[in-house]
Amino acid sequence: MYKKNEIIELTIEDMGVEGEGIGKLDGYTFFVKGALDGDRIEAKVLKANKNYGFARVERILTPSPYRVEAQCDVSEQCGGCQLQSLSYERQLQYKQNLVDNNLRRLGGLSGYTLHPIIGMENPFRYRNKTQFPVGQNSRGEIVTGFYAGRTHSIIDTADCAIAPRINAKIIQIIKDFMRDNGIGAYDEISHGGLVRHILIRNAFSTGEIMVCLVINGSSLPFSEDLIGRLEKVEGMAGISLSINRDKTNVIMGSRIIHLYGKETITDYIGDLRFEISPLSFYQVNPVQTLEIYKKALEYAGLTGRETVWDLYCGIGTISLFLAGKAAKVYGVEIIPQAIEDAKKNASANQIENVEFILGKSEEVFPQMCKEEGRIPDVVVVDPPRKGCDEKLLKAIVEVGPSRMVYVSCNPATLARDLKYMTAQGYEVREVQPVDNFPGTVHVESVVLLSRTEGTTRAD
Ligand code: SAH
């Protein structure tokens, strides 16, 4: 039995779902944060349970052949990217295996075609949205950057390797503005100070940039000065304030005060145009999102005659993407603002064969889909990390669409839901992992299920 603080030596042979290294000593498993697949390490035992324990790297004795130098100076402290020190090729393998293992072990599935993961040509600078917390250090200087993993202490850095370079310049301008005008940063503990967060959105397809300062107050003193400084940045399309006076971890406040330029910035995914406001939900990696949507469209197998339901539709991106090849698309989403955005996006793109419905997928779908003309040929789901509500899966089985396309951001809940569907007359045909978040442990998957021969609709 191992004891706390004991020093051990082990080889890391695998990596867990949070990117932690996994190694074994005489059949006993250790989880070691910061250690990579292939490392030989000296580690200190933090906790030892009966069958497994946790340890911390003390020294890397022989580095893993898959280790690379992280692009970012603060990748060890920052909670954002867990896999930056792992070669990109190995990251992709890790994610491919993660999806496959979940489907096989948790889902008990087999017989599907697993396609090689779609990675990025350049796995850096891909994020179109960054939210920088603002604080003050012990010398009273303004700091901005990222929270250290699982804490609220700010690592002072403006250049994030997965976000555009221009952000660092924008952050510096705002810091200088605050210092020159004596504007303080928000302090979580005293609930005093003004500037809480800086949101920067970059529309890659048009080059437009939006800056929104989240403030603990109703106005920003000397805002003309800030505008004067920021408008010189190429692409600066809109500047605004978001009012958030609550004691909360939620970043954005719901009231927006517009200061300069346009209220939205324009971006394209494929040929579709989107107007994005500070509060809109929008996919953070538009390049890979297009890959996911193209795959969803391919798997939907549309000929122009189908009725499609897009459940968990957000601002309607998938619905609009499918509408060109379907007779009718119904989108369902729980957030009222997203439904409003979805309707606006449909009309901005002159798409008329879509209808967006506000509500829970597991309630709206069973209630409305059996009506004349609404019976689905294809159902697409793209749920949050917790996966689909079982009530919804049951309702899908009952109406029995010939195809279901499952877009997932969590292989574990995907496996659980696919297990349910395969027990109810569906078969998993194709699985396409997509790397939407290089450097992190997250992976998306697009899955095609079809109703097996011989089963008939229950209605
Ligand atoms: N398909 C969209 C959004 C996917 S994110 C896109 O590609 O951009 C998942 C969405 O599901 C979020 O917008 C969330 O608000 C919504 N959601 C969460 N629970 C829901 C439920 N029970 N019913 C409908 N929508 C839900």
Side-chain angles (χ1 to χ4, degrees), residues 1-102 105 117 119 123-124 127 133 137 143 145-157 159-163 410-412 435 437-443:
M1 191 67 195
Y2 297 94
K3 293 206 178 59
K4 194 178 166 180
N5 294 332
E6 189 177 335
I7 300 291
I8 53 170
E9 218 183 283
L10 83 167
T11 301
I12 302 299
E13 286 158 1
D14 200 356
M15 288 174 75
V17 290
E18 292 185 27
E20 72 279 24
I22 302 175
K24 283 196 169 148
L25 276 184
D26 303 327
Y28 183 92
T29 305
F30 276 106
F31 296 93
V32 192
K33 211 180 138 193
L36 298 182
D37 186 11
D39 280 338
R40 176 85 188 154
I41 57 165
E42 191 177 273
K44 189 185 249 183
V45 176
L46 297 173
K47 195 171 176 202
N49 296 329
K50 192 156 170 265
N51 299 315
Y52 62 93
F54 299 91
R56 192 180 62 206
V57 183
E58 288 287 296
R59 245 176 355 128
I60 296 175
L61 302 172
T62 316
S64 160
Y66 314 114
R67 253 186 199 277
V68 293
E69 194 166 339
Q71 295 249 338
C72 188
D73 299 343
V74 294
S75 71
E76 302 264 307
Q77 301 102 300
C78 170
C81 299
Q82 304 84 2
L83 301 180
Q84 263 215 30
S85 306
L86 194 64
S87 73
Y88 189 54
E89 207 177 311
R90 195 69 181 174
Q91 286 183 29
L92 292 177
Q93 262 173 32
Y94 161 84
K95 294 184 186 191
Q96 180 88 358
N97 291 342
L98 199 67
V99 173
D100 201 26
N101 285 340
N102 272 283
R105 291 187 195 157
I117 185 167
F124 294 98
R127 275 190 77 97
N137 66 16
V143 291
F146 301 91
Y147 292 127
R150 294 184 196 275
T151 76
H152 267 200
S153 62
I154 298 171
I155 309 283
D156 191 23
T157 175
D159 189 28
C160 168
I162 59 171
N410 183 348
D435 188 17
F437 307 102
T440 77
V441 292
H442 299 291
V443 56

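Nothing fancy with the numbering, it's 1 onward along the sequence. Both backbone and side-chain heavy atoms feed into the values below; hydrogens, waters and symmetry mates do not. In this text the structure is predicted, and so the values were computed from the model without any measurement.
Side-chain atoms of Q96 come within 3.5 Å of backbone N or O of I117 as a donor-acceptor pair. A distance-only check finds a donor-acceptor pair linking the side chain of Q91 to the backbone of L86 [under 3.5 Å]. Looking only at distances, a side-chain donor or acceptor of Y94 sits under 3.5 Å from a matching main-chain atom of G16. In this structure, D39 contributes its side chain and I12 its backbone to no donor-acceptor pair below 3.5 Å. Judged by distance alone, with hydrogens and angles left aside, the side-chain atoms of Q84 form no donor-acceptor pair with the main-chain N or O of C81 at under 3.5 Å.
Taking every heavy atom of both residues into account, G53 and Y28 meet most closely at N-OH, 3.4 Å. Summarising the geometry of Q82 relative to T440, their closest heavy-atom pair is OE1-CA, 3.1 Å, with the distance given to 0.1 Å. Contact detail for M1 and A48: the closest heavy-atom pair is CE-O, 3.7 Å. What you find for V441 and E18 is that their closest heavy atoms are CG1-C, 3.5 Å. The shortest non-hydrogen separation linking A412 to N102 is CA-OD1, 3.5 Å. Closest heavy-atom contact between L10 and K24: CD1-N, 4.0 Å.
Within the 4.5 Å cutoff, the side chain of Y147 has heavy atoms near those of the P133 side chain. Proximity of V45 to N5: side-chain heavy atoms (C-beta onward) are nowhere separated by under 4.5 Å. Side chains of V74 and F146 form no contact here, defined as non-hydrogen atoms less than 4.5 Å apart. Annotation: side chain of S85 is in contact with side chain of L36 (closest heavy-atom distance under 4.5 Å). The side-chain heavy atoms of F54 and N49, taken from C-beta on, include a pair separated by under 4.5 Å. For the pair I8 and F30, the minimum side-chain heavy-atom distance is below 4.5 Å. Side-chain contact between I41 and V32 is present, with heavy atoms from C-beta onward closer than 4.5 Å. The shortest distance between side-chain heavy atoms of Y88 and P438 falls below 4.5 Å.
Each of R90, Q93, R67 was compared with D37 under the side chain to side chain donor-acceptor pair (under 3.5 Å) criterion, and only R90 meets it.
Annotation: the span from E13 atom CD to I22 atom CD1 amounts to 10.0 Å, rounded to 0.5 Å. Note that CD of Q77 is 9.5 Å distant from OG of S153, once rounded to the nearest 0.5 Å. Of the inter-residue distances, the one linking D435 atom CG with H442 atom NE2 reads 11.0 Å to the nearest 0.5 angstrom. Distance check, rounded to the nearest 0.5 Å: SG of C72 to CG of D159 gives 7.5 Å. If you take OG on S75 and CD1 on I162, they are separated by 11.5 Å, rounding to the nearest 0.5 Å.
More than 12 heavy atoms of other residues, nucleotides or ligands sit less than 6.0 Å from atom CD of E42. For N137, the CG atom counts as densely surrounded, since its 6.0 Å shell holds more than 12 non-hydrogen atoms of other residues, nucleotides or ligands.
We find that R40 and E9 are joined by a salt bridge, their nearest charged nitrogen and carboxylate oxygen being less than 4.0 Å apart. For the pair R56 and E58, the salt-bridge criterion is met [side-chain N within less than 4.0 Å of a carboxylate O].
For Y66, the ring-ring contact (aromatic ring centres under 6.0 Å, His included) criterion is met by no residue, not counting sequence neighbours.
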